[in-house]
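In this text the structure is predicted, and so the values were computed from the model without any measurement.
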Amino acid sequence: MDTVSIEENRLSQQIQAFPNPVTEFLSIKNSSNETLNFRLYNSKGELLIKNLNSRAANLKVNLAHLAKGIYLLNISDGVNHFTKKIIKN
């Protein structure tokens, strides 16, 4: 029997988004030294917030105006990308 291993996305290991659940400000810590694109989508797939070409090591995103629910934070460096579920309380 062959075993299959999935290498965890390098980018997902270098990005932290907290607190989760969030009430007001979502902090995004970028330790990748890459220029990143951040996009936040609602559960319908609608783009709500876009931050392109950010090299910031620490970014704060105001989510206070959003309704309680589940959102998807998509992070990309142009080659690699990953999506993290964000809960808004």
Side-chain angles (χ1 to χ4, degrees):
M1 175 189 269
D2 293 333
T3 58
V4 177
S5 137
I6 299 174
E7 183 180 330
E8 190 171 349
N9 185 332
R10 171 192 57 82
L11 189 60
S12 69
Q13 297 172 357
Q14 297 173 331
I15 306 297
Q16 295 175 328
F18 58 92
N20 194 9
V22 61
T23 54
E24 290 187 45
F25 289 93
L26 180 69
S27 294
I28 301 171
K29 183 176 179 184
N30 173 10
S31 61
S32 73
N33 295 322
E34 301 286 336
T35 298
L36 300 177
N37 299 316
F38 301 93
R39 291 180 173 89
L40 187 72
Y41 297 90
N42 65 15
S43 59
K44 296 177 186 177
E46 298 168 329
L47 178 63
L48 303 176
I49 298 173
K50 177 170 60 171
N51 187 330
L52 300 177
N53 301 317
S54 176
R55 287 192 64 91
N58 294 296
L59 197 67
K60 278 198 170 190
V61 182
N62 187 351
L63 303 183
H65 64 284
L66 298 178
K68 292 180 181 180
I70 296 174
Y71 296 86
L72 298 176
L73 177 65
N74 180 272
I75 301 171
S76 169
D77 66 3
V79 176
N80 300 300
H81 66 90
F82 75 100
T83 302
K84 181 171 181 63
K85 180 173 67 171
I86 303 296
I87 299 171
K88 169 68 170 56
N89 281 341

Next item on the list: Can you measure from CG (Leu59) to CG (Leu26) and round to the nearest 0.5 angstrom?
Entry: 8.5 Å
Next item on the list: Answer yes if Leu72 and Val61 sit in the same cluster of Ile, Leu, Val, Met, Phe, Trp and Tyr residues linked by side chain heavy atoms under 4.5 Å apart, and no otherwise.
Entry: no
Checklist line | From CA spacing to verdict: side-chain contact (heavy atoms from CB on, under 4.5 Å), Asn53, Asn37 | finding: CA-CA 5 Å; Asn53 301 317; Asn37 299 316; 3.7 Å; yes
Note to self: Checking the side chain of Asn62 only, and the main-chain atoms of Phe25 only, is there a donor and an acceptor separated by less than 3.5 Å?
What the structure shows: no
Check: Are Ile87 and Leu48 linked, directly or through other ILVMFWY residues, by side chains that come within less than 4.5 angstrom of each other?
Finding: no
Check: Can you list the residues that meet the side-chain contact (heavy atoms from CB on, under 4.5 Å) rule with Ala57, with sequence neighbours excluded?
Finding: none
Check: Quick one: does Lys84's side chain get under 4.5 Å of Ile75's, heavy atoms only?
Finding: no
Next item on the list: Hey, could you give me the OG/CG distance between Ser27 and Asn20, rounded to the nearest 0.5 Å?
Entry: 11.5 Å
Item checked: Between CG on residue Leu11 and CG on residue Asp77, distance to nearest 0.5 Å -> 5.0 Å
Checklist line | Distance (rounded to the nearest 0.5 Å) between Leu73 CG and Ile86 CD1 | finding: 5.0 Å
Check: Which atom names give the shortest non-hydrogen contact between Lys88 and Ala64, and what distance separates them?
Finding: NZ-O, 3.9 Å
Item checked: Nearest-0.5 Å distance that lies between atom CZ in Phe82 and atom CD1 in Ile15 -> 5.5 Å
Item checked: Straight-line distance of Arg55 CZ to Asn33 CG, nearest 0.5 Å -> 6.5 Å
Margin query: Can you see whether Thr83 engages Asn74 through a side-chain donor-acceptor pair at a distance of less than 3.5 angstrom?
Written below: yes
Margin query: Minimum heavy-atom separation for Asn51 and Ser54, please, with both atom names.
Written below: OD1-CB, 3.6 Å
Under 3.5 Å, side-chain donor or acceptor atoms of residues 38-47 against the rest of the protein: list the pairs with distances, not counting sequence neighbours.
{"from": "Asn42", "atom 1": "OD1", "to": "Lys44", "atom 2": "N", "distance (Å)": "2.9"}
{"from": "Asn42", "atom 1": "OD1", "to": "Gly45", "atom 2": "N", "distance (Å)": "3.1"}
{"from": "Asn42", "atom 1": "OD1", "to": "Glu46", "atom 2": "N", "distance (Å)": "2.9"}
{"from": "Asn42", "atom 1": "ND2", "to": "Glu46", "atom 2": "OE1", "distance (Å)": "2.6"}

Next item on the list: Could you list the residues that satisfy side-chain contact (heavy atoms from CB on, under 4.5 Å) with Lys29, not counting sequence neighbours?
Entry: Gln16, Phe18, Asn58
